[in-house]
Structures are given as structure tokens and as C-alpha cells.
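Each chain gets a letter, A, B and so on, in the order the sequences are listed, and its residues count up from 1. Note that the structure is predicted; figures quoted are calculated from it, not measured.
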Protein chains: 2
Amino acid sequence: MSQSLSRALQILIELGEGERSLDQVAASLEVHKTTAMRLLHTLEADRFVRRDDRQRYHLGSRLFALGGAALAQHAIRDVAQPHLARLAAETGGQAVHLAAYENGTAIYLAKVESTHAVRMYSRVGLPAALHATAVGKVLVADLPPGERDAVIAGIEFRPFTSRTIADAAGYREVLARTREQGWAEDAAEHEDFINCVGAPVRDEAGRVVAAVSVSVPDVILPREGVRALVPQLLAATEAISADWAGRSS
Amino acid sequence: MSQSLSRALQILIELGEGERSLDQVAASLEVHKTTAMRLLHTLEADRFVRRDDRQRYHLGSRLFALGGAALAQHAIRDVAQPHLARLAAETGGQAVHLAAYENGTAIYLAKVESTHAVRMYSRVGLPAALHATAVGKVLVADLPPGERDAVIAGIEFRPFTSRTIADAAGYREVLARTREQGWAEDAAEHEDFINCVGAPVRDEAGRVVAAVSVSVPDVILPREGVRALVPQLLAATEAISADWAGRSS
DNA sequence: TCCTTCGTTGCACATTATGCAACAGTGATT
DNA sequence: AATCACTGTTGCATAATGTGCAACGAAGGA
């Protein structure tokens with residue numbers, strides 16, 4: 001592992017939260033300001049960071065150039081987009097997400113924002129806990145057993161709410177049910193007062209390549225009302241799967 | 001400057017062009033594969049790269065998380081978006097861009113794609129040469145003289161076409177005309193057969209904070225026809241400037 | 001089964017990253 | 001105008017980390 005590279009990556013992550021001065025960066029990294037400055041100048045040389053008139057550091061344009069390239073590499077996103085929009089409309093303007101598995105976590109690839117005032121917080125690119133979200137359960141449920149075991153072994157069962165699944169045994173039961181019924185739910189397990197249902201997008205060989213979810217705050221629909229959206233969710237994921245299969249061949 | 005960080009950043013840039021194996025990355029960096037592997041693993045640990053089942057490396061989800069954050073830091077983009085869309089529609093479906101200055105270059109922040117079959121190539125996040133594009137000229141023209149001199153001194157007058165401005169003296173004349181008329185053009189200087197006009201977006205103190213351009217291939221409109229779009233372009237930039245001023249206060 | 005290719009690990013040392021001290025620049029205050 | 005405080009930058013020496021080598025293990029193909 002490369003220490004100075006790790007430091008530089010921490011700089012980028014921190015700048016994602018807002019601009020910083022050289023001193024702030026150095027303090028945050030717990031290094032001398034000269035060290036921080038050299039890392040920042042290297043990042044600046046390739047447009048990963050930029051400086052403004054007041055010597056404040058910000059994320060640079062290379063990030064959005066590469067961000068666009070990284071998203072473009074998830075081709076399923078383009079295929080799914082119209083279906084996600086339709087699903088959001090059909091479910092009364094709820095938030096709809098597309099997620100994929102990456103390195104022990106679920107990653108939001110696309111999102112249709114809720115039209116309601118009360119919303120859940122999420123952002124494209126941010127991870128979602130495999131054990132606490134509907135998309136996470138869907139992505140893990142259909143993995144080949146050896147792979148699934150390895151993923152479960154790496155999960156830290158962090159309790160987001162009092163309802164979050166607390167251990168591997170409980171999680172395995174939920175995954176078995178997910179496989180059986182073909183969809184999963186998050187019943188206020190990731191966030192109090194928010195319920196989600198999720199279902200898989202499959203490739204032509206039947207492998208799960210992504211997951212779609214509909215998220216609804218309690219004040220808009222109770223849990224049973226969210227479950228009633230499952231048929232529409234399944235229709236959407238089936239349509240995406242068909243389009244994805246058609247595109248891949 | 002940090003050598004190992006530079007290497008890692010080159011890896012990210014290269015992965016933006018497509019997936020790579022460890023050996024390919026090592027060859028490209030001209031380092032031993034162990035060195036490349038350690039950098040890749042460090043990048044992987046923070047989700048900057050991901051590996052697929054066949055050990056191929058791809059850009060990771062952190063890039064689109066930070067890409068989104070970097071774009072969100074350019075707040076003018078949100079303000080400009082509806083105006084860009086209207087301008088594109090009013091000009092018969094031409095390509096419309098919003099760009100800002102960063103580190104010696106113009107950077108595309110937003111783009112409305114042309115509805116025509118014949119198009120120019122561009123992408124959000126990619127740089128555009130200050131001397132060869134309408135947005136570049138607009139961004140440099142109104143800089144304070146000392147700052148403008150420093151920027152011009154750093155320009156390498158690369159000839160994109162036979163019509164590209166060849167030296168600082170020629171560029172200064174064009175900048176003076178840009179200031180005088182309040183807009184700039186790129187008459188097949190960046191790309192053969194493509195003409196653009198660009199105009200400034202200003203903040204409430206009158207400083208140029210961004211530039212908007214309309215780009216049209218010759219086969220759709222000759223140069224005079226593109227110039228005829230300037231009134232609409234100016235109306236759009238004035239509307240964006242007004243909204244930006246309203247938002248900043 | 002054997003061979004080839006590719007990714008990984010451990011070790012020693014070469015090279016680079018680091019921090020210190022001093023300096024330069026800027027803005028605010030007297 | 002002069003001084004002070006703060007922040008960014010440069011040069012130098014050395015400490016520490018990055019690097020490449022050799023060996024190994026895993027996977028796929030013949």
C-alpha cells in the first residue's frame with residue numbers, strides 16, 4: 001500500500017466536502033504543510049484539484065471528466081434510465097434507484113428523485129450497506145454460494161436503526177427469502193421511517209447485474225403500501241433485463 | 001512534486017479510456033508490475049478503481065461520487081441549465097456549451113447536445129484550448145491585464161487547423177475585438193468545418209465567471225449564419241448573468 | 001499432467017518523500 | 001509608512017517509504 005498515495009486520495013475525499021486551505025489539509029492529514037503542499041501541487045498539475053484566487057483548494061475538472069467516464073462504463077445505466085423514470089411516475093413520484101455491487105458494497109448508479117417534500121438522502125456514487133438496504137440484499141442473494149460467503153464474511157453488521165439485521169445468520173435467512181420471492185425489502189432498517197422494496201436486473205445468463213429500488217417515507221405510504229408497489233417494480237426490472245439482454249447480444 | 005502520486009493519477013487517467021490489466025498498467029507506466037500493483041491496490045482500497053472477475057481494472061465509484069461533488073461546486077451550472085436548453089432550442093437544435101476557466105484552460109461544465117446528425121466532439125470535464133475556441137477567448141479577454149498577460153504567456157499556440165491563431169500578438173488583437181464587441185468566434189480554428197460563437201456570463205461585479213457558446217458545422221449553417229445567432233446568444237448570457245447575480249445576493 | 005501467464009508476497013536497499021528552517025508575499029493594524 | 005501575523009514556498013539533509021528482484025501460487029489451456 002502506498003502511503004503518500006493514500007494521503008492524496010484522502011485529500012480528494014475531503015475536498016468533496018468543500019474547499020480547504022493548505023493549513024486545513026495539512027492538519028487533517030496530520031503532516032507538515034510542506035508535505036501537504038507537494039501533494040496538492042501534484043494533484044493540481046493533472047487537474048484533480050484547482051486553486052481559486054484566495055489560494056483555496058477545490059476539486060478540479062478532471063474529477064468530473066473521469067466521473068463521466070466511470071459512469072459511462074456502467075452501460076446498464078443508459079438502458080435502465082427510461083424504465084426508472086416510468087417506474088417513478090407509476091408509483092406516484094417516489095424515489096427510484098439503480099445500484100450495482102462493487103467491492104463489498106452497493107453503489108448507486110442512477111437515481112430518479114422523489115417529487116415529494118419528504119425524502120431519503122442518497123447520491124449517485126455513494127455506497128449503500130449490503131445488509132441494510134433492499135438493493136444490497138438483492139445484489140448479494142443471487143451470488144454463487146462461495147462468493148456470497150466471502151461477501152457476508154466481510155460485512156460489518158452496523159446497526160443503522162433498531163430494525164437493522166444484526167448478524168450473518170439473520171442476513172442469510174433474509175437472503176433466502178429474497179431468492180424465493182424474487183424481491184427484497186428494507187423495512188426501516190437503513191433509515192427510520194423509510195421503507196424500500198428492491199428487485200434484480202439480470203443478464204441473459206440470469207446473473208444479477210444490478211438492482212432497482214423504490215423508496216417511500218412512512219408519511220407517504222405505510223409499509224404495506226410500499227409492498228403493494230412490488231408488481232410494478234418487478235415489471236420494470238424485467239423490462240430492463242430484457243433490454244439489457246437485447247443490447248448485450 | 002510527488003512521483004508515486006503522479007503515477008497513480010496517470011493510472012486513473014488511463015482507466016478513463018477503458019479497462020486495463022495489471023501488466024498493461026505496468027507497461028504503460030514503465031515500472032515493474034509490483035509497483036503498479038501496489039498503486040492499484042491503494043486506489044482500490046478507497047474505491048477509486050475496481051476490479052472485475054477477470055482481474056481487469058476499471059474506474060471505481062468514488063470517481064462518480066467526487067465527480068458529482070466537483071460539478072456541484074460549480075453552482076453556476078444549475079443556474080445556466082434552463083437557459084442553455086432554451087438557447088439550443090431557439091438556434092435550431094445546435095450544440096450549446098457552458099465553460100469556465102481553470103488552470104490555463106477552458107473547461108466544459110455543461111453541454112446541450114446537438115439534435116443534428118453532424119456534430120462536434122466535446123465532453124463535460126474536457127479542456128478546450130483558450131486560443132482556439134470561442135469560450136476560451138471570452139474567458140481570457142476580460143481578465144485583469146496582469147493576469148491576462150500571465151495566462152497568455154502560458155499558452156502554447158498549438159495549430160488545430162490552418163486557421164488557428166498562431167501567436168500571442170494575433171491572440172491579443174482578437175481579445176481586444178472580443179472585449180469591444182462583447183462576444184467571440186471560433187471560425188474553424190479549433191476544428192475544420194465547425195464555427196462557434198461565444199459570449200460571457202458575468203457576476204454582479206461585472207467579472208466574467210463563465211462563457212456560453214453555440215457550435216455549428218458548416219453543412220448546417222455557413223459562418224455568416226452562425227454569426228446571426230449572436231443576438232440570441234447574448235440574450236441567453238445576459239439572462240444567466242442576471243439569474244446568477246440574483247442568486248449570489 | 002504439464003506449461004504458460006498473471007497476480008502476489010517477502011526482502012533488502014535505492015530513491016524519494018518528509019520535515020525543518022528560512023524566506024517571500026499579502027493583508028490588516030497602528 | 002512601518003510592523004506584525006499569517007500563509008504559501010524553497011532548499012537541504014536524512015529518514016522512511018517505494019521499488020524491483022526472486023520466488024511462489026493460482027488459473028487456464030493444450
Side-chain angles (χ1 to χ4, degrees), chain A residues 1-12 14-15 18-60 102-104 143-147 149-150 153-154 205, chain B residues 1-12 14-15 18-46 48-60 102-104 143-147 149-151 153-154 205:
Chain A
M1 296 292 252
S2 163
Q3 186 181 60
S4 60
L5 174 55
S6 282
R7 284 182 174 145
L9 299 179
Q10 286 311 308
I11 291 174
L12 290 177
E14 184 161 338
L15 290 181
E19 63 178 54
R20 294 286 190 274
S21 68
L22 172 62
D23 276 340
Q24 286 172 325
V25 171
S28 175
L29 289 185
E30 298 183 319
V31 296
H32 192 271
K33 66 179 176 174
T34 312
T35 299
M37 186 194 71
R38 292 197 190 106
L39 294 174
L40 283 161
H41 284 189
T42 304
L43 289 165
E44 191 178 2
D46 279 321
R47 287 197 290 121
F48 283 85
V49 312
R50 66 182 167 97
R51 250 191 286 194
D52 66 25
D53 297 343
R54 293 151 43 244
Q55 303 281 5
R56 306 285 293 187
Y57 289 96
H58 305 254
L59 289 176
E102 180 186 317
N103 274 4
L143 289 174
E147 213 175 319
D149 290 343
Chain B
M1 295 293 250
S2 163
Q3 186 181 60
S4 60
L5 174 55
S6 282
R7 284 181 174 147
L9 298 180
Q10 287 310 308
I11 291 174
L12 290 177
E14 185 163 336
L15 290 180
E19 63 177 54
R20 295 287 190 272
S21 68
L22 172 62
D23 276 339
Q24 286 173 326
V25 171
S28 174
L29 290 186
E30 299 182 318
V31 296
H32 192 270
K33 67 178 175 174
T34 313
T35 300
M37 186 194 71
R38 292 198 189 102
L39 294 174
L40 282 161
H41 285 192
T42 304
L43 289 165
E44 191 178 2
D46 278 323
F48 283 85
V49 311
R50 66 181 168 98
R51 250 191 286 193
D52 66 25
D53 297 342
R54 294 149 44 241
Q55 303 281 7
R56 305 286 292 187
Y57 288 96
H58 305 254
L59 289 176
E102 181 187 314
N103 273 4
L143 289 174
E147 213 175 320
D149 289 344
V151 169

Would you tabulate the nitrogen or oxygen pairs shorter than 3.5 Å linking the protein to nucleotides 27-30 of chain D?
none

Between A:S4 and A:L39 the two heavy atoms that sit nearest each other are O-CD2, 4.0 Å
When the rotation axes relating C1' atoms of four end pairs to the next four are compared across the helix from C:dT1-D:dA30 to C:dT30-D:dA1, five pairs an end, they differ to 10° by 40°
In this structure, CZ of A:R50 is separated from CG of A:L59 (nearest 0.5 Å) by 8.5 Å
Rounding to 0.5 Å, atoms CZ (B:R20) and CG (B:L40) come to a distance of 11.5 Å
Contact check, residues 50-59 of chain A vs DNA chain C, heavy-atom distance under 4.0 Å, returns none
**Asked** Does A:T34 make a side-chain N or O approach to OP1 or OP2 of D:dG8 shorter than 4.0 Å?
**Response** no
Between the CG atom in B:L15 and the CZ atom in B:R56, the distance rounded to the nearest 0.5 Å is 10.0 Å
Atom CE of A:M37 and atom P of C:dA17 are separated, to the nearest Å, by 13 Å
Using only atom types and a distance under 3.5 Å, with no angle test, would you say the side chain of A:R54 pairs donor to acceptor with the backbone of A:D52? no
Residues in residues 20-33 of chain B with a heavy atom under 4.0 Å of DNA chain D, by number, are B:V31, B:H32
On a heavy-atom basis, the closest approach of B:K33 and B:A26 is CA-CB, 3.6 Å
*Under 4.0 Å between a side-chain N or O of A:T35 and OP1 or OP2 of C:dG19?*
yes
Cut-off 3.5 Å, side chains only: do B:S2 and A:T42 have a donor facing an acceptor? no
Residue set satisfying side chain to side chain donor-acceptor pair (under 3.5 Å) with A:E30, at least two apart, ordered chain then number -> none
Closest non-hydrogen atoms of B:L29 and B:Q10, given as atom of the first, atom of the second and distance, are CD2-CB, 4.0 Å
CD of B:Q55 to CD of B:E19, rounded to nearest 0.5 Å, is 12.0 Å
Separation of C:dT8 atom P from A:M1 atom CE, nearest Å, is 12 Å
Residues of residues 38-45 of chain B with a heavy atom under 4.0 Å from any atom of DNA chain C, listed by number, are B:R38, B:H41
When rounded to whole Å, the CD to C1' distance for the pair A:Q3 and D:dG18 reads 10 Å
All heavy atoms of B:Y57 vs all of B:V49, minimum pair found to be CD2-CG2, 4.1 Å
Q.
side-chain hydrogen bond (donor to acceptor under 3.5 Å, both in side chains), that's the test. Do A:H32 and A:R38 meet it? Break it down for me.
A. CA-CA 10 Å; A:H32 192 271; A:R38 292 197 190 106; over 6 Å; no
Taking every heavy atom of A:Q24 against every heavy atom of A:E14, the minimum-distance pair comes out as O-OE2, 4.5 Å
Self-check item: Lys/Arg N to Asp/Glu carboxylate O, A:R47 vs B:E102, below 4.0 Å
Solution: no
All heavy atoms of B:A8 vs all of B:L43, minimum pair found to be O-CD1, 4.1 Å
